[in-house]
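Lettering of chains follows the sequences in order, A, B, ..., and the numbering in each one begins at 1.
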Amino acid sequence: MSATLFANARLIDPETGSDAPGSLLVRDGRIVGAGAPGEAAPEGAAVIDCRGRALAPGLVDWGVKIGEPGERHKESVRSAGLAAAAGGVTTLIARPDTLPPIDTPESLEFVTRRAADAAVNIRHMAALTKAREGREMVEIGFLTDLGAVAFTDGVRVVTDTRVLSRAMIYARGLNALIVGHPQDAGLSRGAAATGGKFASLYGIPSVSPMAEVMGLDRDLSLVAMTGCRWHADQITVAAALPALDRARQAGLDVTAGISIHHLTLNEFDVGDYRTFFRFTPPLRSEDDRQAMVQAVADGAIDVIASFHTPQDEESKRLPFEAAAPGAVGLQTLLPAAMRLYHQGGLSLPQLWRAMSLNPARRLGLPSGRLSAGAPADLVLFDPDAPFVLDRFTLLSKSKNTPFDGARMQGRVLGTWVAGQRVFGEGA
Amino acid sequence: MTFRARHLLGIDHLAPPDIVQLLDLAETYVALNRRTVKHSDALAGMTQINMFFENSTRTQASFELAGKRLGADVMNMAMAQSSVKKGETLIDTALTLNAMQPDLLVVRHPHSGAVNLLAEKVTCAVINAGDGRHEHPTQALLDALTIRRAKGRLHRLTIAICGDIAHSRVARSNLILLGKMENRIRLIGPATLMPAGAAQMGVEVFEDMREGLKGADVVMMLRLQRERMDGGFIPSEREYYHRWGLDAAKLSLAAGDAIVMHPGPMNRGVEIDGTLADDINRSVIQDQVEMGVAVRMAALDLLARNLRAERGAAAAGVMV
């Protein structure tokens, strides 16, 4: 396989925290090393002139719902792969909340086979309990051997603490990662908004942000008890941060994530019951949003993901509280993240640490870096290119995005997986 | 004319002059309704469909009467028993109805925002007759008219709204309307029935009813939604009545000429003492029912005028 030199790039390396002009040499699908911007190409190498645009590790999207099996009309492995490539996502982590869920070695083998044809790398999380019912743990050992990168019941909270504690103890023995959705299930039952003046005036059933803190406190107590590796799927309120900090200081192996939507939108965006803005957990106050941006900056929150959740038109054309939660995000993750960059909240290396390096590290994947030996999973983008998003241009089968009609800045120009171009043309 | 809206979806969208205009027009219908011949041709030739996805005999009857007195062809659809139960979506229902060319749709729905969603899909005028916990604009307007007639004004009054505020769209529309008219509003009730963020709504919040009633000009009681009692919002009806039920002793703390209101239906002996409810010197509860018909006539009339103007302009090729 031949070599490719990415010349005249603005290299974003989250591992070293650098954002500087340079070039990157790729050979046989792997990164060989970085050099000066105008470095001469080795003999026989193809040259891609990046024209000063940003070149970074491809995004590793932590939690993506694919509708396969069960809801292929919402999203297929193929459409998700195309959307990912167009969004600069080189590895997407598929969630097990399919129909039926990925809770057996057989179902994991099926989706793994399907994923082999996708444009980008797809890895899978498996369910933590059978049928995601919270009663019996899955075959964590078999599923780990088959490549499950983590175990989660998604937004369904395992309310039986004995079941959860046993799964955690068992997972610890296998060094498996458990991903939990911190939320008190009783308190948040039926809620579609964050409790407060807005939800009360609009008459939307709501939940106090404290439900998240309570859920996190419970989960962290169980982690302390069992010593398992654990990741809080979404931390979205400032009041939850101290508990996370205490857990880390106590030496627990804990990380935390957040969706790009909770970092860039707030509860008021729901406006007149716009169901594209219905999320689980619901959008938070502006104070909480700002606190979360700061938490990403100082490393308290490790991972930013799209939490891509395709929903068809029928699932969204309903009264707000009856509409299905979630939004597609594979193609909007990068431009939405640029909002945080342009607002001065986060630098590009900080963003890529949370969107690429940290998720890869936590899941034991080799990508997310620009250092020698890493896979040549790359995204070339223009952080400044403006555009107005038209949801019907998205490659995802579902078009439910809160950014429809929004002015965005930041465009993906090219995506490479293991050195092969999977999106864009020219340079 | 200031009221130019296509729909009446909530109080939030109305400016104080809109509210005054609507109430003034309603006054003329109060007079009409007290005559032997209670008929106007304001809606002659128009079709009004009342779609109630949630049962409400009183509100539906009030809208039906209002439409008929204005000369509209009125049809009632009890959606709670209809094809909606068979899985038809709200939008499908709306499109089907729209194809029948109604002029006015009166809609009640158990979900907040559902009426707004429906209004986007139809070409006629829509009146929100109550959506979830969100708004019930004609109730707030009829309450406003009742207050204005009883107190002689609709501003600078101290108005206490008491009871199950969290679940009440009546309370929500009222606090928006009465707030817009520069009144002092107090919310009184157990903390479990107080909406989140109430303190940030420009109102005073009281858990102690005696404290909250002091000097109030208007005491607006809300129905305790018995069907929600299983959720454990209050320990028992008798304890509720003891602490938050309105009786003569508690009312004596309000202003000497304070009026007592209730949107009905009442739970006598739960949120209000039966004798007090019937006391014609204090209670304006029957007036509220009467004003309800007049206010709904005014709302239907104004929306019909706007609709006619819009259609006339469209026919003439002019933008309004």
Please report the closest heavy-atom contact between Met261(B) and Val218(B), naming both atoms and the distance.
-> SD-CG1, 3.6 Å

Among Ala199(A), Ala192(A), Gly203(A), the residue with the most heavy-atom pairs under 4.5 Å to chain B is Gly203(A)

Point-to-point distance, once rounded to the nearest 0.5 Å, from CG of Leu222(A) to CG of Asp217(A) = 11.0 Å

Met210(A), CE atom: more than 12 neighbouring heavy atoms under 6.0 Å = no

Identify which of Gly195(A), Ala322(A), Gly196(A) forms the greatest number of heavy-atom pairs closer than 4.5 Å to chain B.
-> Gly196(A)

Hey, are Arg132(A) and Asp153(A) close enough for a salt bridge, meaning a charged N less than 4.0 Å from a carboxylate O?
-> no

Among Ala199(B), Gly197(B), Ala171(B), Ala114(B), residue most engaged with chain A (heavy-atom pairs, under 4.5 Å) | Gly197(B)

All donor-acceptor atom pairs under 3.5 Å, backbone and side chain, chain A-chain B:
{"unit_1": "Lys197(A)", "atom_1": "NZ", "unit_2": "Gln200(B)", "atom_2": "O", "d": "3.4"}
{"unit_1": "Ser200(A)", "atom_1": "O", "unit_2": "Arg172(B)", "atom_2": "NE", "d": "2.2"}
{"unit_1": "Ser200(A)", "atom_1": "O", "unit_2": "Arg172(B)", "atom_2": "NH2", "d": "3.4"}
{"unit_1": "Ser200(A)", "atom_1": "OG", "unit_2": "Ala196(B)", "atom_2": "N", "d": "3.2"}
{"unit_1": "Ser200(A)", "atom_1": "OG", "unit_2": "Ala196(B)", "atom_2": "O", "d": "2.6"}
{"unit_1": "Gly203(A)", "atom_1": "O", "unit_2": "Ser112(B)", "atom_2": "OG", "d": "2.4"}
{"unit_1": "Tyr273(A)", "atom_1": "OH", "unit_2": "His134(B)", "atom_2": "ND1", "d": "2.9"}
{"unit_1": "Tyr273(A)", "atom_1": "OH", "unit_2": "His134(B)", "atom_2": "NE2", "d": "3.0"}
{"unit_1": "Glu321(A)", "atom_1": "OE2", "unit_2": "Ser112(B)", "atom_2": "N", "d": "3.4"}

For residues Arg135(A) and Val163(A), report the shortest heavy-atom separation together with the two atoms involved.
-> O-CG2, 3.4 Å

Name all residues meeting the side-chain contact (heavy atoms from CB on, under 4.5 Å) criterion together with Ala247(A); count only those two or more places apart in sequence or in a different chain, and write none if there are none.
-> Leu220(A), Leu252(A)

Is Glu133(A) salt-bridged to Arg156(A), cutoff N-O under 4.0 Å?
-> no

